[in-house]
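Working notes, beginning with the structure itself.
Residue numbers run from 1 in the order of the sequence given.
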Amino acid sequence: MSLADIVSRTEVIAKKYEKFTGDRPDRPEKSNDPFTDEYTDLVERINGLTLKADEIAAEKNRATKAALNAELRRSKAALLETDVPKLEKLIRKGKNVTKTVIDDRMAKVKQVRDGIADIPDGVHGPRKPGRLGGAGRIPAGASATIELSGPDARVTNNPGYYQHSAESKALANDWQVAKRKQDLHLDNIEKGLSTLKGIGEAMGETLKTQDVLIDTIDTKMDNVTKELKTNNMKLKGLVESMRSKRNFCIDITLICVLLALGLYLYMMFKK
């Protein structure tokens, strides 16, 4: 992706989310009529998409233009599937809603739908207003083409309507190349995930083995601790038995012998 493509996409994303970046002083204040508020907001968004469509039409890069048109089509679909039904639910809500007001609101909803449909998105061009029948009617059995190159699209009889142009063929080839590259990248990602899965399974088996070894070591340590406590009790009992009252006389005798020996050595060194 070139630097120009990055800048273009950044501008589109910035314009898409600019209403969330702060206060909008040019935005009208809310009124007591929810339908009017929703209708005004929807008209502003449609105008924004129209300006965006004009910028896309001036784009030179075919791949970038196709991507931006796809994003524009998703925005139009979101308006038609979410916002327009929400506006229709508000037709009969509000104060002093008479039949005349309801008819006027229904006409506004129809205008909103037509305005969304008139936004050129690379597939559907702006429709030229007209009546069924008359001079602008296409005879039965004849094919027609919609020229999207200008701001006012024209419908003319053309037997080659379903033939691809050089631009559409080039765009289709670019799309096929991009699809093959994407499939290749997805295959590489799948291989990498399979390798990671194998590594994870091996690590899991190793951890299970280590858990068994740790449990065995814990059991052995518990046994050693119990044996040490038993030996300590035995040694304590042995010491207490050797220091009993029956050996008291022997201790006194030994002390006397040691004192006598010390006195003798003292007298010897004194001479």
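Using modelled atom types, no side-chain atom of D41 and backbone atom of D37 make a donor-acceptor pair closer than 3.5 Å. Counting only distance, with no hydrogens or angles, the side chain of R73 and the backbone of D121 share a donor-acceptor pair below 3.5 Å. No side-chain donor-acceptor contact under 3.5 Å links D104 to the backbone of T100. The closest donor-acceptor contact from the side chain of K76 to the backbone of I119 lies under 3.5 Å.
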E205 and K208: CA distance, side-chain angles, deciding distance, side chain to side chain contact (heavy atoms under 4.5 Å, CB included) verdict: CA-CA 5 Å; E205 294 295 332; K208 289 180 180 179; 4.3 Å; yes
Evaluate the criterion side chain to side chain contact (heavy atoms under 4.5 Å, CB included) for residue pair K65 and N61; output intermediate values, then yes/no. CA-CA 6 Å; K65 189 173 183 179; N61 190 298; over 6 Å; no
For the pair D187 and K191, evaluate salt bridge (charged side-chain N to carboxylate O under 4.0 Å, His left out) and give the outcome as yes or no after the intermediate values. CA-CA 6 Å; D187 291 339; K191 292 178 181 178; over 6 Å; no
One pair to check against side chain to side chain contact (heavy atoms under 4.5 Å, CB included): L263 and L259. What are the steps and the verdict? CA-CA 6 Å; L263 181 60; L259 289 174; over 6 Å; no
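Annotation for Q176: atom CD counts as buried by contact number, over 12 foreign heavy atoms lying within 6.0 Å.
Smallest separation of non-hydrogen atoms from A53 and P120: CB-O, 3.4 Å.
D114 and K110 are joined by a salt bridge, as a carboxylate oxygen and a charged side-chain nitrogen come within less than 4.0 angstrom of each other. K52 and E55 are not joined by a salt bridge, as no carboxylate oxygen comes within less than 4.0 angstrom of a charged side-chain nitrogen.
Interatomic distance, K229 NZ to K234 NZ, rounded to the nearest 0.5 Å: 15.5 Å. Separation of atoms NZ (K226) and CG (D222) is listed at 6.5 Å; rounding is to 0.5 Å. Here the CG-CG distance, from L79 to L87, works out to 11.0 Å after rounding to the nearest 0.5 Å. Here the straight-line distance linking atom CG of D83 with atom CZ of R45 works out to 4.0 Å at 0.5 Å rounding. The CG atom of D118 sits 12.5 Å away from atom CG of L49, with the distance rounded to the nearest 0.5 Å. Between I46 atom CD1 and L51 atom CG the span is 12.0 Å, to the nearest 0.5 Å.
For the salt bridge (Lys or Arg N to Asp or Glu O under 4.0 Å) criterion with E88, the lone passing option out of R105, K93, R113 is R113.
Transitive grouping of hydrophobic side chains (ILVMFWY, heavy atoms separated by less than 4.5 Å) brings V84 and I102 into a common cluster. In the hydrophobic clustering of this structure, I116 groups with I91; members are Ile, Leu, Val, Met, Phe, Trp, Tyr whose side-chain heavy atoms approach within less than 4.5 Å, directly or through other members. In terms of hydrophobic clustering, with Ile, Leu, Val, Met, Phe, Trp and Tyr side chains grouped at heavy-atom distances under 4.5 Å, L171 and V177 are assigned to different clusters.
Using a 4.5 Å cut-off on side-chain heavy atoms (C-beta onward), K236 and N232 make no contact.
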